[in-house]
Amino acid sequence: MTGASGLGTALLWAVVVLPSGVGAALCLTGRRADRPAPVVAVLTAALVLVGAVAVAVLRPRTTVPFLPRAPFGLGVDALSAVVLPTVATVTVLVLLFAAVDIRERPARFFGLMLLFVAAVAITATATTLPALLFAWEIMGATSYALIGFSWRESDRVGAGTTAFLTTRTADLGLYLAAGAALAGGSGLALADLPGTSSPARDVVAAGVLVAALGKAAQLPFSFWLSRAMEGPSPVSALLHSAAMVAMGGYLLLRTAPLLESTGWAAPTAAWVGALTALLLGAVAVAQRDLKQLLGASTSAQLGFVVLGAGVGSVSGGVAHLVAHAATKALLFLAAGAWLSALGTKQLSALHGAARRWPVVGGTATVAALSLAGVVPLSLWATKDDVLAAAMGSSLALYLVGLAAAALSAAYAGKVLWLIWRPLPADAEAGYDTEEEGTRRIALLEKVPLVVLAVGAAVLGLLVWPPAGEALRRALGEAAAARPTVPELLSSAVLSVLVVLAVRRWRLPGPRWAASWLGLGTATQVLVVVPVLRLAEALARLDDRVIDRAVDGSARMSLRAADVVAEADDVGFDGAAEGVAAGTRRLGALARRTQTGQLHQYYVQATVVLAAALALLLAVR
Amino acid sequence: MLGPIVFLPLAAAAVLAAVRRMPDGVARWSWVAVTVAELALVSVAIARYDTPAGGGLAFEQQVPWIPSVNSSYHVGVDGLSLPLVALTAVVFCACAVYALREDRRPRAQAALFLFLQSVCLGVFVAQDLILFFVFFDLSIVGMYFAIAGWGHGNAARSALKFFLYTFMGSLALLVGFIGLYLAADPHTFDIPELAAAAPLADSPVVGGLVLAAVLVGLAVKTPTVPFHTWLPPAHTDASAVGSAVLAGVLLKLGTYGFVRIAMPLLPHAWQGWSWVILTIGIISVLYGALVALAQTNVKRMIAYTSVNHMGYVVVGVGAAGIVSGGAQARELAVTGAVTQMVSHGLITAALFLLAGLLQDRTGSYDMADYGGLAKPAPRYSGLFAVAAFASLGLPAFSGFIAEFQVFTGSIGATWIAALALPGILITAALFLRAVQRLLTGPTAGRSGGFADVGVREGVAIGGLLVLALVIGVVPGPLLDLITPASQTVVDLVSR
């Protein structure tokens with residue numbers, strides 16, 4: 001091991017171990033750590049960022065023994081070298097914001113956030129399935145605890161439960177994939193999965209695909225993200241923009257060769273991504289709650305990433321992932337700032353919110369324009385990169401993607417115009433409906449917004465030369481299709497037109513879209529309730545049939561014992577007693593001859609002799 | 001080495017039982033002292049353990065016992081038994097520490113549990129079927145008194161049900177053992193000799209019948225569906241430490257029998273029956289999880305999750321008999337099954353100690369009686385939440401290590417095993433529901449004024465969970481111990 005790679009490996013482990021150690025310590029210390037927790041957490045996150053940048057340069061790879069023939073492998077390649085620093089940066093900024101915003105039990109909050117970050121760091125750098133699944137499920141568990149952070153409110157805990165169970169349903173795919181990889185003889189390294197022998201490879205791909213779609217809140221799993229919006233805003237800003245949900249898309253980018261190798265998994269991913277972008281875009285347009293809108297938009301934007309993985313544009317997909325992380329983290333933080341200050345996240349109550357705090361309003365505007373795909377901001381460029389690859393695969397896919405882009409412009413424009421409306425005279429009437437607003441937004445909350453706004457504006461550079469060229473070369477996509485000028489122009493014009501049109505015309509909000517396509521209700525009706533019914537039926541079966549059969553056989557044994565005991569009393573004992581009684585009666589009879597009178601004895605003797613004589617004569 | 005490990009608790013039990021005037025405090029603390037000494041002895045054994053070459057035994061000892069039937073006091077450990085010996089020492093030590101607060105006849109309880117510890121250790125080190133059977137049966141006797149003497153509710157009835165049901169199972173086991181003895185030439189009860197000879201290899205019918213007898217005996221103890229209905233009442237009415245030992249150690253006597261006796265001694269029958277065994281395992285996983293989901297009594301719920309968790313073990317050992325699957329995958333399945341025994345022992349013992357606290361504090365196990373426990377009892381809630389997540393197989397805890405290997409290995413051997421996958425989802429659902437009902441929301445019902453976990457209870461429960469965490473993060477040492485032995489088992493069963 002050379003000096004540089006030794007350092008890189010050490011740093012890579014530090015990026016994982018440091019946040020998990022500090023996070024666990026904060027959680028365990030509890031209230032006594034409340035005061036130092038924010039500072040400690042931000043410093044830890046800053047160190048993780050330094051480490052993440054360093055490993056992005058050094059590109060270490062390491063494996064340690066974990067399970068038999070299935071080591072725990074971590075490594076940084078071109079893909080994770082982009083994603084890991086992104087996650088770390090967003091983490092620092094979000095934690096900075098949370099240092100002011102989170103007042104309830106900071107030690108537990110920041111401890112859980114750091115544990116989550118450690119899990120994301122492992123997920124992003126995992127090179128083997130056991131390492132991936134290990135971190136993948138810890139992400140799910142910490143997100144459960146973070147969404148249900150305010151545990152006194154049962155609804156929020158229920159939202160965490162929904163998120164965890166839905167994503168775990170999808171996670172079963174990874175367990176299946178691991179078994180299939182073993183059956184297919186490829187071993188459990190992610191890079192080896194495409195080499196799995198044929199029928200098993202399809203199962204591996206299906207398993208990975210399902211797990212990723214669940215995490216990325218793609219169709220049909222999207223509804224959990226709606227519930228997850230009940231968590232604190234900084235949680236959404238990290239989990240539902242740069243990490244967790246994004247990791248679903250990231251997994252598909254990482255396993256794109258596997259998807260490609262099956263022939264069907266890649267097109268499936270592409271179509272699921274495109275349809276999610278389209279339908280969840282429509283869902284976002286119909287929302288009346290800012291966080292719900294942003295949540296639906298996250299599903300939709302991740303749809304472009306999944307589409308990118310499906311059509312083999314890993315560079316476009318990862319660029320979109322990174323640009324979206326900055327954009328959406330900013331918007332979630334802005335929503336959180338308004339929620340804390342004004343006590344509401346209802347769009348109808350946020351009229352003119354941008355005017356009250358120009359820094360928040362200004363940065364949110366940059367992000368909303370980027371989300372809308374307005375030229376030259378980041379998501380315009382990254383999305384077109386993905387769409388160009390989609391065009392190379394099928395025109396229908398491209399058109400669906402373009403329609404989805406138009407919907408992005410629609411919901412982003414909806415937010416944009418609304419927050420810049422003149423402040424209504426009765427604005428106060430709409431405030432404090434969800435919590436008691438402070439009417440203040442601290443400087444420390446604004447700083448992260450400014451940094452993220454810069455990211456939302458310029459991260460499109462990831463697709464333009466020279467950064468884009470370097471990224472494509474590093475990912476082996478130097479020859480990938482690039483958006484043509486007409487494509488770039490049409491999407492740019494489209495987004496501006498839609499944003500302008502949204503100002504002029506009111507957007508429709510049909511019920512099916514407002515209710516997130518009814519996916520949550522459908523799951524409740526089709527899965528949750530039947531399973532609970534089945535469970536209750538089986539519990540009754542257990543008590544009334546199986547257990548009663550056991551008790552019944554015990555009672556039968558007792559009854560059989562009674563029968564035998566009865567037989568014993570009446571039969572054997574009765575026979576014995578009968579013999580005794582008979583003997584006694586015979587004895588009594590025999591006694592009757594003992595009269596003591598001589599003449600009677602002579603008679604008896606004569607009778608006996610006569611009988612003996614008769615017997616003698618008879619047998620002769 | 002094994003002599004002191006097995007008989008030290010028994011000797012201490014005899015002293016405790018004999019000295020009638022011993023003050024309660026002395027009795028409690030001497031129980032702790034003996035279990036700590038046991039832990040030390042077992043640690044020394046693990047430190048000195050070197051995987052024996054050729055699938056042999058370590059610390060082996062053989063003394064003639066009943067020569068007329070070729071039965072001897074033959075003990076020894078390998079990678080299958082040593083982890084379970086260690087588990088036994090750990091669980092009993094945690095129970096001794098937890099029971100420092102016991103005020104009902106502590107001297108008698110200490111003596112009884114030390115006796116139980118000896119006989120459980122005896123089962124795991126026994127290398128002779130008669131010796132195995134004697135220890136196996138004595139554990140049932142000991143547990144009967146533990147439930148009847150220190151239980152609550154309908155303890156006498158539950159204890160009797162436990163005793164009769166599992167005793168019947170052990171009789172089936174004895175029939176199987178006698179079958180093996182008669183089939184061997186020369187007749188013997190020695191396990192390694194029987195494993196080497198595989199006596200019923202050429203008679204599928206008799207082999208199948210003998211395996212059926214052994215399987216029924218072990219299935220009752222494990223327990224698998226449909227032989228599990230003694231478990232919920234036994235747990236519900238047993239004391240906290242009684243439940244912890246029952247779930248943590250006694251259930252393992254059944255599953256251990258699969259890998260120690262059934263698989264190596266009856267390889268052909270095992271192969272022939274492996275589909276049946278796998279199916280029973282899958283049914284146990286799903287049925288146990290679903291019935292647990294419907295429970296409203298915390299202890300009954302945990303009891304049914306034991307059926308589910310032991311189901312994974314059965315899935316693993318069942319898949320190991322499917323010789324068309326790759327040897328690698330089947331080894332992984334067996335390693336996972338043994339890991340699951342250890343993991344379930346640690347985590348479920350912790351869960352039962354936690355459930356016992358509910359009864360201790362308020363006299364109710366009913367979830368509906370609680371709500372928002374996190375406010376009055378934050379330490380309790382933290383421990384319960386961690387134990388729940390550990391039990392649902394969250395990575396970084398031992399359960400994940402076990403279940404990942406069981407599933408990867410079993411699915412690697414046969415696709416059918418994938419049918420058991422929903423089990424880990426349903427388990428997650430039921431534990432999250434329990435956490436939600438007990439710990440979160442507004443503080444309600446009997447939660448008000450709930451006294452939080454004390455230091456001794458915390459040490460006992462926390463210690464078990466820390467071990468589960470260590471195995472979950474650094475599984476290497478444990479797996480290095482188990483893997484060679486599971487290779488041996490797979491080799492033997494593939495003959």
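Convention: sequence-line order gives letters A, B, ...; per-chain numbering from 1. Just so we're clear, the structure is a prediction, and the values are computed from it rather than from any experiment.
- Interface remark: B/Ile424 contributes backbone and side-chain atoms alike to the contact with chain A (heavy atom separation under 4.5 Å).
- In this structure, chain B has no heavy atom under 4.5 Å from any part of A/Val528.
- No other option in A/Glu536, A/Arg168, A/Glu137 has as many heavy-atom pairs under 4.5 Å with chain B as A/Arg168.
- One finds the CZ atom of B/Phe389 at 5.0 Å from the CZ atom of A/Phe164 (value rounded to the nearest 0.5 Å).
- Going from atom CG of A/Leu541 over to atom CG of B/Leu290 covers 11.5 Å, rounded to the nearest 0.5 Å.
- Looking at B/Tyr165, the atoms closer than 4.5 Å to chain A (heavy atoms on both sides) all sit in the side chain, from C-beta outward.
- Contact of B/Arg330 with chain A is not made at all, since no heavy-atom distance falls under 4.5 Å.
- When every heavy atom of B/Pro475 is checked against every heavy atom of A/Leu67, the shortest pair comes out as CG-CD2, 4.4 Å.
- Of the residues considered (B/Ala374, B/Gly382, B/Ala417, B/Ala429), B/Ala374 shows the highest number of contacts with chain A, using heavy-atom pairs under 4.5 Å.
- Contacts with chain A were tallied for B/Gly326, B/Gly372, B/Ala396; B/Ala396 has the most, counting heavy-atom pairs under 4.5 Å.
- Residue contact with chain A, scored on non-hydrogen atoms closer than 4.5 Å, involves the side chain of B/Arg433 exclusively.
- Scanning both residues, A/Ala180 and B/Trp415, for their nearest heavy atoms gives CB-CH2, 3.5 Å.
- Interface remark: of the candidates B/Val474, B/Thr443, B/Leu392, B/Leu392 forms the most heavy-atom pairs closer than 4.5 Å to chain A.
- Here B/Thr229 contributes atom OG1 and A/Asp551 contributes atom CG; the two are 7.0 Å apart, rounded to the nearest 0.5 Å.
- Note that CE of B/Met168 and OG of A/Ser557 are 8.0 Å apart. Values are rounded to the nearest 0.5 Å.
- Taking all atoms of both residues into account, the shortest heavy-atom contact from A/Ser154 to B/Pro442 is OG-CD, 4.1 Å.
- The neighbour count for A/Arg533 CZ, taken as heavy atoms of other residues, nucleotides or ligands under 6.0 Å away, does not exceed 12.
- Atom CD1 of B/Ile411 is separated from atom CG of A/Leu182 by 10.0 Å, given to the nearest 0.5 angstrom.
- To the nearest 0.5 Å, atoms CG (A/Leu538) and OH (B/Tyr304) are separated by 10.5 Å.
- When the candidates A/Val531, A/Asp542, A/Ile138, A/Thr161 are compared by the number of heavy-atom contacts under 4.5 Å with chain B, A/Asp542 comes out ahead.
- In this structure, chain B has a heavy atom under 4.5 Å from the side chain of A/Asp543, while its backbone stays farther away.
- Contact count against chain A (heavy-atom pairs under 4.5 Å) is highest for B/Leu421 among B/Leu479, B/Leu164, B/Leu421.
- Minimum interatomic distance between A/Pro68 and B/Thr335 (heavy atoms only, all atoms of both residues): CG-CG2, 4.5 Å.
- The two residues A/Tyr175 and B/Gly393 make their nearest non-hydrogen contact at OH-O, 4.2 Å.
- Residue contact with chain A, scored on non-hydrogen atoms closer than 4.5 Å, involves the side chain of B/Gln405 exclusively.
- Contact count versus chain A (heavy atoms, under 4.5 Å) is highest, among B/Gly476, B/Pro378, B/Ala428, for B/Ala428.
- Of the listed residues A/Arg540, A/Arg69, A/Glu153, the one with more heavy-atom pairs under 4.5 angstrom with chain B than any other is A/Arg69.
- Of the listed residues (B/Gly472, B/Pro395, B/Ser410), the one with the most heavy-atom contacts under 4.5 Å to chain A is B/Pro395.
- Contact annotation: the side chain of B/Leu394 never approaches that of A/Tyr144 to less than 4.5 Å [non-hydrogen atoms, C-beta and beyond].
- Residue B/Trp230: no heavy atom, backbone or side chain, is found under 4.5 Å from chain A.
- Contact of A/Leu28 with chain B is not made at all, since no heavy-atom distance falls under 4.5 Å.
- Of the listed residues A/Gly158, A/Pro65, A/Ala554, the one with more heavy-atom pairs under 4.5 angstrom with chain B than any other is A/Gly158.
- When all heavy atoms are compared, the tightest approach of A/Ala535 to B/Ala294 is O-CB, 3.4 Å.
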Walk me through whether B/Lys161 and A/Asp547 qualify under salt bridge (charged side-chain N to carboxylate O under 4.0 Å, His left out).
CA-CA 11 Å; B/Lys161 185 168 183 172; A/Asp547 191 36; 2.4 Å; yes
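- For chain B, the nearby parts of A/Leu165 are the backbone and the side chain; heavy atoms of each come within less than 4.5 Å.
- Heavy atoms of A/Arg156 lying under 4.5 Å from chain B are absent altogether.
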